[in-house]
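In what follows, a single structure is set out as C-alpha cells and then discussed.
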Amino acid sequence: MTPRPIRAAAGLTKMKSSRPIALLAAVLLAAACGGAGETGAGPGQEGERRQLTLITGLKSDEFYITMGCGAMAEAKKLGVDLDVQGPEDFSAPLQIPIVNSVTAQQPDAVLIAPTDRNALIQPMRQMKSAGITTVQVDTTIDDPSIAVSSIASNNEQGGQVAAQTLAELVGDKGKVYVINVKPGISTTDARAEGFINEMKKHPDIAFVGQDYDEDQADIATQKVSATLAKHPDLAGIFATNLIAAEGAATALKAAGKTGDVKLVGFDAGPKQVEDLRNGSLQAVVAQEPYAIGQIGVQQAVKALNGEPTRKQIQTNLVPITAKELESKSRYLYKSEC
Ligand code: T6T
C-alpha cells in the first residue's frame, strides 16, 4: 500500500517570511531565559501552529505506519501540525533528498528515522543548522549532537531476547543463522550483535553466519533458500526485521521446512501475525512504534517550548508467540490508522 502523507490537523500555514522574526524572537527569549535549547514561544502563540514533519525509513512499512499513527494522534492532542513523509525503499539515497527538501521547507521540528548511521549525518547537520529541532525515532546516526532526543527500543537487548527465544525453540543445540537488512542501520546492526553475543553463551549452538537482504523480501527468500541448501540441518533462523521475516517464512515454505526450522522474527506486522497463526513463524519480538511516534512528538514540542527534553528514551520490547496473539494484541502493528 502507498499511504498518503498524514497530516494530523489542519492549521494555519506558517508564513515563511515570519521565520527570521520568529528565530530572532527565539534567540532573544533563549538569551533572556539563559537556557540552552530554548526555542521560543509555545504552540498557539503568535496565532501560529507549530509545523512538524516525520520522515520515516520506509513509506509502506507497518512499523513506520504505526509510528505515524502515534505521532499523528499526539500532534492532534498537542495542537500542532504534522505531516509524514518517507522513501519508497529503505535507502539513504532515496531518503536524503526528502530530508533536504524538508529542510528547505523549514518546519519547526523534524522527527526522523535515519536509514544509515553515516550517510544521514551531513543532511541532518544541515537541518540543524537551518534552525530545525530534530528528534530521532527508531534509528540513529553516529553523531549524537544533532537530535535533542532519541526514542527507540533497546535493539541489542531485542537481539538477545530473540536469541534466547530461538535457543529454547531449538532445544539449545544446532545451527542458527541470521537474515539481516543492510550494514549501517543502527537498529538492525544492534539486533544482530545482541543475537550473536547471546548465542556465544550457548555452547551447543553454532552460528553459521548472516546475510543481508537490502530490505527486500524476495532477496531475503533467496538468501535463506541458499542457506537451507548449504546447511540442510539448519535448526533456526533469526530475521532482524519485518521484511526479513516475511522473506524467510517464504523460503521455509518453498523448502518444505516450515516449523522444522524454527524462525524468530523482529516486529509484529499483519504478515507476521498471519505467519504466527499458520506456523511459519514461531515467535516475534514486537516493538512499540505507536509509542515511539507519540513520545517523539512530545519531545519535539517540549524542545520548541524551551522545556527540558530527554536525550534517550527507551520503549518496550515484547516477545510474542502464536498463543499470545490475543493477550498481546495491543503490540500488533497497524497497516492504517
Ligand atoms: O524493525 C523496524 C525498524 O525498527 C528498523 O529500524 C527497520 O525495519 C523496521 O521498520 C521493520 O521493517
Side-chain angles (χ1 to χ4, degrees), residues 54 56-58 61-64 66-67 70-71 90 111-118 120 134-169 176 178-202 207 210 215 238-245 264-269 272 281 283-300 309-321 324 328 330-333:
L54 165 61
T56 69
L58 171 61
D61 178 326
E62 287 101 357
F63 172 84
Y64 293 116
T66 309
M67 182 192 288
F90 193 99
L111 279 63
I112 180 168
T115 47
D116 185 283
R117 58 205 304 168
N118 291 310
L120 268 293
T134 306
V135 170
Q136 292 179 130
V137 279
D138 179 43
T139 42
T140 53
I141 49 170
D142 283 353
D143 178 350
S145 72
I146 294 171
V148 294
S149 181
S150 300
I151 303 105
S153 315
N154 182 335
N155 286 288
E156 198 173 337
Q157 194 183 60
Q160 191 183 13
V161 169
Q164 288 162 349
T165 308
L166 190 60
E168 201 178 320
L169 283 163
V176 298
V178 173
I179 180 73
N180 203 346
V181 184
K182 292 182 194 190
I185 305 172
S186 62
T187 50
T188 47
D189 282 355
R191 289 170 203 166
E193 200 182 319
F195 178 90
I196 293 164
N197 286 339
E198 174 62 27
M199 282 310 191
K200 288 181 185 152
K201 300 179 198 157
H202 298 255
F207 170 61
Q210 71 175 318
D215 213 33
F238 170 42
T240 65
N241 83 345
L242 194 150
I243 289 156
V264 173
F266 218 89
D267 297 304
Q272 286 66 56
L281 250 175
V284 295
V285 180
Q287 308 188 73
E288 286 194 307
Y290 193 93
I292 295 175
Q294 279 180 313
I295 300 168
V297 169
Q298 288 163 7
Q299 291 294 301
T309 51
R310 278 173 58 197
K311 195 73 184 158
Q312 279 189 329
I313 299 179
Q314 242 173 52
T315 47
N316 292 320
L317 286 170
V318 184
I320 306 180
T321 59
E324 298 166 324
K328 295 182 176 173
R330 79 182 190 87
Y331 294 102
L332 306 179
Y333 303 175

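For the pair G296 and V137, the tightest heavy-atom approach, listed with the atom from each and the gap, is CA-CG1, 4.2 Å. Closest approach of V161 to P319, counting heavy atoms only: CG1-CG, 3.8 Å. Nearest heavy-atom pair across A113 and T139 is C-OG1, 3.0 Å. Taking each heavy atom of I141 and D116 in turn, the nearest pair found is CG2-O, 3.7 Å. A192 approaches V178 most closely through the heavy-atom pair CB-CG1, 4.5 Å. Across Q272 and A245, no two heavy atoms sit closer than the pair NE2-CB, 4.2 Å.
For the residue pair Q287 and S153, a side-chain donor N or O sits within less than 3.5 Å of a side-chain acceptor on the partner. T240 and N180 share a donor-acceptor pair across their side chains, judged by distance under 3.5 Å alone. S150 and Q136 share a donor-acceptor pair across their side chains, judged by distance under 3.5 Å alone. A side-chain donor from one of Y64 and D138 sits under 3.5 Å from a side-chain acceptor of the other.
Residues Q298 and R310 form no side-chain contact, since every pair of their non-hydrogen atoms from C-beta on lies 4.5 Å or further apart. No side-chain heavy atom of V148 sits less than 4.5 Å from a side-chain heavy atom of T134. Side-chain contact between E288 and T66: absent, with no pair of heavy atoms (C-beta onward) separated by less than 4.5 Å. The shortest distance between side-chain heavy atoms of L242 and F63 falls below 4.5 Å. At least one side-chain heavy atom of I320 sits less than 4.5 Å from a side-chain heavy atom of L332. The side-chain heavy atoms of M67 and L54, taken from C-beta on, include a pair separated by under 4.5 Å. Inter-residue side-chain proximity for I112 and V135 is flagged as unmet; no heavy-atom pair is nearer than 4.5 Å.
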Exercise for the section: Kindly indicate, with the supporting measurements, whether the criterion side chain to side chain contact (heavy atoms under 4.5 Å, CB included) is fulfilled by S149 and I313. Expected result: CA-CA 7 Å; S149 181; I313 299 179; 4.1 Å; yes

Practice task
Report the C-alpha distance between R191 and V285 in whole Å, list the side-chain angles of each, state the deciding distance to 0.1 Å, and finish with yes or no for side chain to side chain contact (heavy atoms under 4.5 Å, CB included).
Solution key: CA-CA 11 Å; R191 289 170 203 166; V285 180; over 6 Å; no

Exercise for the section: For L111 and V297, run side chain to side chain contact (heavy atoms under 4.5 Å, CB included): C-alpha distance rounded to whole Å, both residues' side-chain angles, the deciding distance at 0.1 Å, then the answer. Expected result: CA-CA 7 Å; L111 279 63; V297 169; 3.9 Å; yes

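With rounding to the nearest 0.5 angstrom, the CD atom of E156 is 11.0 Å from the CD atom of E198. Rounding to the nearest 0.5 angstrom, the gap separating the CG atom in L120 from the OG1 atom in T140 is 10.5 Å. L169 contributes atom CG, which lies 12.0 Å from atom CD of Q164 (distance to the nearest 0.5 angstrom). Here CD of E62 is found 8.0 Å from CD1 of I243. Values are rounded to the nearest 0.5 Å. Between the CZ atom in F90 and the CG atom in D61 there is a gap of 8.0 Å [rounded to 0.5 Å]. Separation of atoms NZ (K328) and OG1 (T321) is listed at 6.5 Å; rounding is to 0.5 Å.
A salt bridge links R117 to D189: at least one charged side-chain nitrogen sits closer than 4.0 Å to a carboxylate oxygen.
With hydrogens and angles ignored, the 3.5 Å screen pairs no side-chain donor or acceptor of N155 with any backbone N or O of G158.
Classification of the F238-F195 ring pair by plane angle, with boundaries at 30° and 60°, yields parallel.
With N241 as the partner, the side-chain hydrogen bond (donor to acceptor under 3.5 Å, both in side chains) test is satisfied by one option alone out of D267, T188, D215: D215.
Counting non-hydrogen atoms of other residues, nucleotides and ligands closer than 6.0 Å to CD of Q314 gives a total above 12.
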